[in-house]
Amino acid sequence: MSKYKAAIFILMAFTTSCKQETYKQGKILYQNFCANCHMEDGTGLPGIIPPLAGADYVRDNQRLLPCLIRHGVQKPLTVNGKVYTTPMEGVPKLTEFEITNVINYINTSWGNDYGIVKHPDVRLLLEDCK
């Protein structure tokens with residue numbers, strides 16, 4: 001009986017550790033390509049770089065995020081009622097899968113609960129980028 005308890009404990013520990021590592025690639029990519037401006041905790045730089053944590057723009061513009069990540073943006077953006085005019089450089093070398101993982105990391109981090117995007121949807125949205 002104790003052998004079964006040990007197996008269940010190991011299975012539960014493994015399952016729990018997997019849940020804690022959700023979007024691990026997205027986190028690594030975010031840290032390498034986004035955190036230098038948007039900060040590790042997604043708070044951005046007040047008045048200069050918009051936050052991603054608790055950002056209404058991220059929540060309300062999910063369909064624009066793949067193109068913003070790949071191509072950047074030059075126009076002003078309003079985030080949580082504040083206008084940000086600093087241009088954002090894109091990261092064109094990220095694959096569709098990597099962009100999907102970055103978005104899902106952002107959507108589920110820092111208290112964000114903005115849902116999950118799927119790779120086929122990101123692929124279609126990237127095809128429509130201008």
Asker: Other than L125, what residues sit in its cluster of Ile, Leu, Val, Met, Phe, Trp and Tyr side chains whose heavy atoms are under 4.5 Å apart, directly or through others?
Answerer: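 None; L125 is a cluster of one.
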
Asker: By ring-ring contact (aromatic ring centres under 6.0 Å, His included), which residues pair with Y30, not counting sequence neighbours?
Answerer: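 Y30 satisfies ring-ring contact (aromatic ring centres under 6.0 Å, His included) with Y105, W110 once adjacent residues are dropped.
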
Asker: Roughly how far apart are I116 CD1 and I103 CD1, rounded to 0.5 Å?
Answerer: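 These two atoms lie 11.0 Å from each other.
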
Asker: How far apart are the C-alpha atoms of L126 and I99, what are their side-chain angles, what is the distance that settles it, and do they pass the side chain to side chain contact (heavy atoms under 4.5 Å, CB included) test?
Answerer: CA-CA 10 Å; L126 286 168; I99 291 171; 4.1 Å; yes

Asker: Which value, rounded to the nearest 0.5 Å, describes the distance between K118 atom NZ and T100 atom OG1?
Answerer: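 Between K118 NZ and T100 OG1, I get 12.0 Å after rounding to 0.5 Å.
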
Asker: So, N112 side chain and I106 main chain: donor-acceptor pair closer than 3.5 Å or not?
Answerer: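 A pair under 3.5 Å: yes.
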
Asker: Taking only residues at least two apart or on different chains, which pairs with a member in residues 94-106 satisfy salt bridge (Lys or Arg N to Asp or Glu O under 4.0 Å)?
Answerer: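 Residue pairs passing salt bridge (Lys or Arg N to Asp or Glu O under 4.0 Å), neighbours aside: E96-R123.
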
Asker: Write out all pairs satisfying side chain to side chain donor-acceptor pair (under 3.5 Å) with one or both partners inside residues 80-89, taking only residues at least two apart or from two chains.
Answerer: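 Non-adjacent pairs meeting side chain to side chain donor-acceptor pair (under 3.5 Å): zero.
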
Asker: Could you tell me whether a side-chain N or O of H38 sits under 3.5 Å from a main-chain N or O of P50, the two making a donor and an acceptor?
Answerer: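 Between the backbone of P50 and the side chain of H38 there is a qualifying donor-acceptor contact (under 3.5 Å).
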
Asker: Report the residues that fulfil side chain to side chain donor-acceptor pair (under 3.5 Å) with T43, sequence neighbours left out, ordered by chain and then residue number.
Answerer: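 For T43, the residues satisfying side chain to side chain donor-acceptor pair (under 3.5 Å) (neighbours in sequence not counted) are D41.
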
Asker: Excluding sequence neighbours, so at least two apart, what forms side chain to side chain contact (heavy atoms under 4.5 Å, CB included) with L124?
Answerer: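 Once residues adjacent in sequence are excluded, the partners of L124 under the side chain to side chain contact (heavy atoms under 4.5 Å, CB included) criterion are E127.
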
Asker: Measure from the side-chain N and O atoms of N32 to the backbone N and O of I28, and report whether any donor-acceptor pair falls under 3.5 Å.
Answerer: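 Yes, because the side chain of N32 sits within donor-acceptor range (under 3.5 Å) of the backbone of I28.
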
Asker: Among Ile, Leu, Val, Met, Phe, Trp and Tyr joined by side-chain contacts under 4.5 Å, find the other residues sharing a cluster with F97 and list them by chain and number.
Answerer: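 Grouped by the 4.5 Å side-chain rule, F97 forms a cluster of one, so the answer is none.
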
Asker: Would you say the side-chain atoms of N36 and Q31 include a donor-acceptor pair closer than 3.5 Å?
Answerer: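 Distance-only check fails for N36 and Q31.
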
Asker: Among Ile, Leu, Val, Met, Phe, Trp and Tyr joined by side-chain contacts under 4.5 Å, find the other residues sharing a cluster with I49 and list them by chain and number.
Answerer: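 M39, L45, I48, which link up through side-chain heavy atoms under 4.5 Å apart, make up the rest of the cluster.
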
Asker: Looking at N107 and G115, would you say the former's side chain and the latter's main chain have a donor-acceptor pair under 3.5 Å?
Answerer: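 Yes.
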
Asker: Sequence neighbours excluded, which residues qualify as side chain to side chain donor-acceptor pair (under 3.5 Å) partners of N104?
Answerer: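 Testing N104 for side chain to side chain donor-acceptor pair (under 3.5 Å), a comparison that skips the adjacent residues, returns none.
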
Asker: Could you list all the side chain to side chain donor-acceptor pair (under 3.5 Å) pairs where at least one residue sits in residues 47-61, not counting sequence neighbours?
Answerer: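 Side chain to side chain donor-acceptor pair (under 3.5 Å) check on residues 47-61 returns no pairs.
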
Asker: If you measure from NZ on K27 to SG on C34, what distance do you get to the nearest 0.5 Å?
Answerer: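 The NZ atom of K27 sits 13.5 Å away from the SG atom of C34.
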
Asker: Report the distance from atom CD of Q62 to atom CG of D121, rounding to the nearest 0.5 Å.
Answerer: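 Between Q62 CD and D121 CG, I get 11.0 Å after rounding to 0.5 Å.
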
